[in-house]
Amino acid sequence: MSIDLKLDKAGDAVTLSVNGDIDMSSSTKMRDALAPLFHTDNKVVVVDLSGVSYIDSSGIATLVEGLQWSHNSKNKFRLAALTPGVKDVFEIARLLTVFEVFETKELALAP
Amino acid sequence: MSQPIKLSIPSDPKYLGLIRKVLQELLDSSDVPDDTARRLILCVDEACANVIKHSYEGSCDEPIEATFTIAGDDFKVQIRDYGKQCDLSQIKPRDLEDIKPGGLGTHFINEIMDDVSYCTNRTKGTLLTMIKKIKTGLTSTQNKG
């Protein structure tokens, strides 16, 4: 099971759009795409999860890493458009309030 | 459906999607509500991922056997591996107050399932048994009737 990733840079914000299931076999690919975004001058890093219907603990762990990278680099890190299945996993992990979560990518990109 | 459904996959993460799909079909055919099905699938995926990581230590060509049974309101899944036996004292969910990557799989399993047991009383490997009380569309209809 693979995921498709797309990067969109707009001004000082960058969006990583993910499509597919994020599991043990694909979370490394997302991590590899996400990690370098915190080493540039991106002020806001958004992960658009509208195309993700399934995420497991390895995917959640990658996003927690993103949160830690953003704290170190002072970038904003935002999640957008969580599907019901993904939101449920965040809720079970009790992590929904730890992240900045937005209904849509556009809202996440708003200043 | 009281006859068990058995599926064996190699311990390669690329087959986790396959086991999720099979289980989704099975739960759909038993009229298990979507939100319940999603959570059961998460537990099975996490259990298999733990086998790959800890029992087989990343080796991709070892067997993982899953047996699914839906009998009445009970969903039972057994995950059998033949790798390194798990140290039962080491299986514990992490403290959720401590925000860090990793260690959530066991929390998901314990949070979602009603009964979880690990049997290492065998020559090789571990048998994990997870049971969840479910309310299927089918049993709801039967109860009403």
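Quantities reported herein were computed from a predicted structural model and do not represent experimental measurements. The analysis underlying the following values was restricted to heavy atoms, covering all of them including side chains, and did not include hydrogens, waters or symmetry mates. Per chain, numbering begins at 1; letters A, B, ... match sequence-line order.
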Examine whether an atom of A/L63 lies under 4.5 Å from a heavy atom of chain B, and if so say whether it belongs to the side chain, the backbone or both; otherwise answer neither. neither

Is B/E46 reaching over with its side chain to a backbone N or O of A/S57, donor-acceptor style, under 3.5 angstrom? yes

With B/N50, which residues qualify under side chain to side chain donor-acceptor pair (under 3.5 Å), at least two apart? none

Show the numbers, then the answer: is there a side chain to side chain donor-acceptor pair (under 3.5 Å) between A/K76 and A/N42? CA-CA 9 Å; A/K76 287 187 188 300; A/N42 300 318; over 6 Å; no

Steps toward side chain to side chain contact (heavy atoms under 4.5 Å, CB included) verdict (A/V98, A/L67): CA-CA 9 Å; A/V98 173; A/L67 197 63; 3.3 Å; yes

Donor-acceptor pair, distance only, cut-off 3.5 Å: does the side chain of B/H107 make one with the backbone of A/I92? yes

Evaluation steps, side chain to side chain contact (heavy atoms under 4.5 Å, CB included), between A/L82 and A/L96: CA-CA 10 Å; A/L82 275 61; A/L96 209 49; 3.9 Å; yes

Does anything in residues 112-132 of chain B reach chain A? List residues with heavy atoms under 4.5 Å apart, or say none. B/I112

